[in-house]
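Here the structure is laid out as structure tokens; the discussion comes afterwards.
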Amino acid sequence: LATKEPGVIFAASATLSEIYRIGADGQTLLAAGHSGVSSPGALTMEPIEDPRALQWTVSGELAFLQGSSMIRVIKTDQTIVTLAGKSGTQADPFSTLGRHVHDVALSITDFNIGNDGVIQLTSSQFVANVADDLIVRPLAGDAVSIFDDQPESISTYVAEVSGIAYSNSGQIIFSGKDGGGGWRIVRGANDGSLEPLAGVSAPGFSGDGFPSVNAQISSPGAIARGPDGSFFFLDQRAVNLVEGGTVIRKISPSGTISSA
């Protein structure tokens, strides 16, 4: 997921190899596709493959995770270039640490591009930074934790990281599974402490219209920050662990959760 102007969401389908623009009026347009597109507002005519997480670059171009090995960018001239990673056999996630980001096929679940252009990568086991020197360095998780000096570890809430975003004030947001099998979304404060945003110990689908901290969620992946400070994420409409389809859920600035 990625948001741009208020009410507009971009969503990717890895199965169909397509990216869609969902307008504030609910109208869905094809923005990029596996066979090229010609719909109004198309971002590119080039085919794309296996798009997953989406992010806007600092210059306002749409970046997407291709499979789990490459981050690619749709340029304003409609060409597509590689921002990080490469095709080929994926390495063990830990073996990417300390490597140049263009020298290795990544194995990641999500990414974020900060206002300073720094890229954050998430694998199931850690979060890494890619700064100006393009070297992959661990930020949090099993490799190293930014919360080591705090009584709470990130693993208290998220043992397997699946998504990452940043709040308007620069706080890091994680989604993933906790050690007991529950799905969580948590916020890391600037002092290193952790604050749960959504999810409880039991996976499921509940809580719409109420505080998100009491809501059940299931398999949240990539997270997108809205212009007003809301957060959007994909969730499985699961009841008694039986999946019922994927929906977009929203955590408002006031902390209320809802579904599209």
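On a predicted model such as this, the values are computed, not experimentally measured, just so you know.
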Discussion item. Under the side chain to side chain contact (heavy atoms under 4.5 Å, CB included) test against L1, which residue among I223, I248, L54 passes?
Written reply: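 For L1, the side chain to side chain contact (heavy atoms under 4.5 Å, CB included) check succeeds only for I248.
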I'd like to know if the side chain of [X] and the backbone of [Y] have a donor-acceptor N/O pair within less than 3.5 Å.
X    : Y    : answer
D77  : T79  : yes
H100 : V136 : no
S175 : I185 : no
S218 : F205 : no
S258 : D208 : no

Flag side-chain contact, heavy atom, 4.5 Å: F10 against T3: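 No, side chains not in contact.
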Minimum-distance pair of heavy atoms, taken over all atoms of [X] and [Y]:
X    : Y    : result
I113 : W56  : CB-O, 4.1 Å
A11  : I22  : CB-CD1, 4.4 Å
M70  : G85  : CG-C, 4.1 Å
A198 : I251 : CB-CD1, 3.8 Å
L83  : H102 : O-NE2, 3.0 Å
P51  : A12  : O-CB, 3.7 Å

When rounded to the nearest 0.5 angstrom, what distance separates [atom1] in [X] from [atom2] in [Y]?
X    : Y    : atom1 : atom2 : value
I135 : T96  : CD1   : OG1   : 11.0 Å
N112 : T122 : CG    : OG1   : 9.5 Å
T82  : I80  : OG1   : CD1   : 9.5 Å
I108 : I71  : CD1   : CD1   : 4.5 Å
L121 : S68  : CG    : OG    : 11.5 Å
L106 : D103 : CG    : CG    : 10.5 Å

Name the atoms and distances for all side-chain donor-acceptor pairs under 3.5 Å in residues 227-234, with sequence neighbours left out.
unit_1	atom_1	unit_2	atom_2	d
D228	OD1	S230	N	3.0
D228	OD1	S230	OG	2.9
D228	OD2	S230	OG	3.2

Extract all donor-acceptor atom pairs below 3.5 Å that involve side chains of residues 209-217 and protein atoms in other chains or at least two apart in sequence.
unit_1	atom_1	unit_2	atom_2	d
S212	OG	L197	O	2.4
S212	OG	G255	O	3.3
Q216	OE1	S206	OG	3.1
Q216	NE2	A202	O	3.4
Q216	NE2	P203	O	3.4

Evaluate whether atom CD of E49 has more than 12 neighbouring non-hydrogen atoms of other residues, nucleotides or ligands under 6.0 angstrom away. no
For D132, the side-chain contact (heavy atoms from CB on, under 4.5 Å) test, sequence neighbours excluded, returns none
Residues passing the side-chain contact (heavy atoms from CB on, under 4.5 Å) test with A53, sequence neighbours excluded, are L65, D110, F111, A222
- Item | Shared hydrophobic cluster for V200 and V186 (ILVMFWY, side-chain gaps under 4.5 Å) | no
Using the rule that Ile, Leu, Val, Met, Phe, Trp and Tyr join whenever any side-chain heavy atoms are under 4.5 Å apart, tell me whether V104 and L134 fall into a single cluster.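 Yes, because V104 and L134 connect within a single hydrophobic cluster, where side-chain heavy atoms sit under 4.5 Å apart.
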Practice task
For residues 53-73, pull every pair meeting salt bridge (Lys or Arg N to Asp or Glu O under 4.0 Å), keeping only residues two or more places apart or in separate chains.
Solution key: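 Those involving residues 53-73 are E61-K75.
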Provide the full list of salt bridge (Lys or Arg N to Asp or Glu O under 4.0 Å) pairs with a residue in residues 10-24, sequence neighbours left out, each pair given once.
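Those involving residues 10-24 are E5-R21.
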